[in-house]
Amino acid sequence: VAAPTARVFFALWPTPAIATQLHQLARDAAASDARIMRVDTLHLTLAFIGDVAVDRLPAIEAVGDQTVWPRCTFHLDQLGHWPHNQILWAGSQSPPDALANLASELSSGLQTIGIRLAARPFVSHVTLARRCRHAQGKAFVPIEWAVEGGVLAVSHRDASGARYEIRRRWLAA
Ligand code: 2AM
């Protein structure tokens, strides 16, 4: 019998107030037939681990325990669209260094427990919509996301898309 697995990732999870603003932006900017992310699913992935045996989760959580979670402001002033995967996303023209440093700290921590992340470079972004063929309405009032910690999330996928469960939360020092 195969060992049970879970699909997990470290992420920043917005407060409901910030998620509501992001969701409004998604509705304004996404193509009408795009699949807009539900308000409770909006997040920023810091380190995507993917499927792991559930008995690895305590070690992964220990990486989160050893990480210094920064306090910073993520000034979301940019809309992006990636044609190759049809993702509409929100980001920043000047993301705080703290975010890239955090992603790299998590990546190094995971390496020490034998988990190597895909080599793709970290691009801080919040996916707003999928299956989006184009973006519209580029001008918007920037969203000020006060980052005060992060999470380890578990992705459960079914026919209706993904549902995320927050397994652990860490607060900034
Ligand atoms: P995306 O929104 O840009 O698609 C849960 O699936 C989260 O992990 C999403 O934020 C998704 O990013 C990200 N993700 C999924 N597969 C990934 C991969 N191979 N590398 C990096 N991030 C990934």
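We count ligands from 1, going down the list as the structure has it; atoms in each ligand are counted the same way.
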Exercise: do Glu105 and Asn101 side chains pair donor with acceptor under 3.5 Å: no
Check: Val8 and Arg167 side chains under 4.5 Å, non-hydrogen atoms: no
Side-chain donor/acceptor of Gln136 to backbone N/O of Ala30, under 3.5 Å: yes
Side-chain heavy-atom pair Leu99, Phe74 within 4.5 angstrom cut-off: yes
Exercise: identify the closest heavy-atom pair between Ile18 and Glu144: CD1-O, 3.3 Å
Near ligand 1, at a heavy-atom separation below 4.0 Å: residues by chain and residue number: Arg7, Phe9, His43, Thr45, Phe48, Ile87, Arg120, His125, Thr127, Arg130, Tyr164
Salt bridge (charged side-chain N to carboxylate O under 4.0 Å, His left out) partners for Asp55, two or more places apart: none
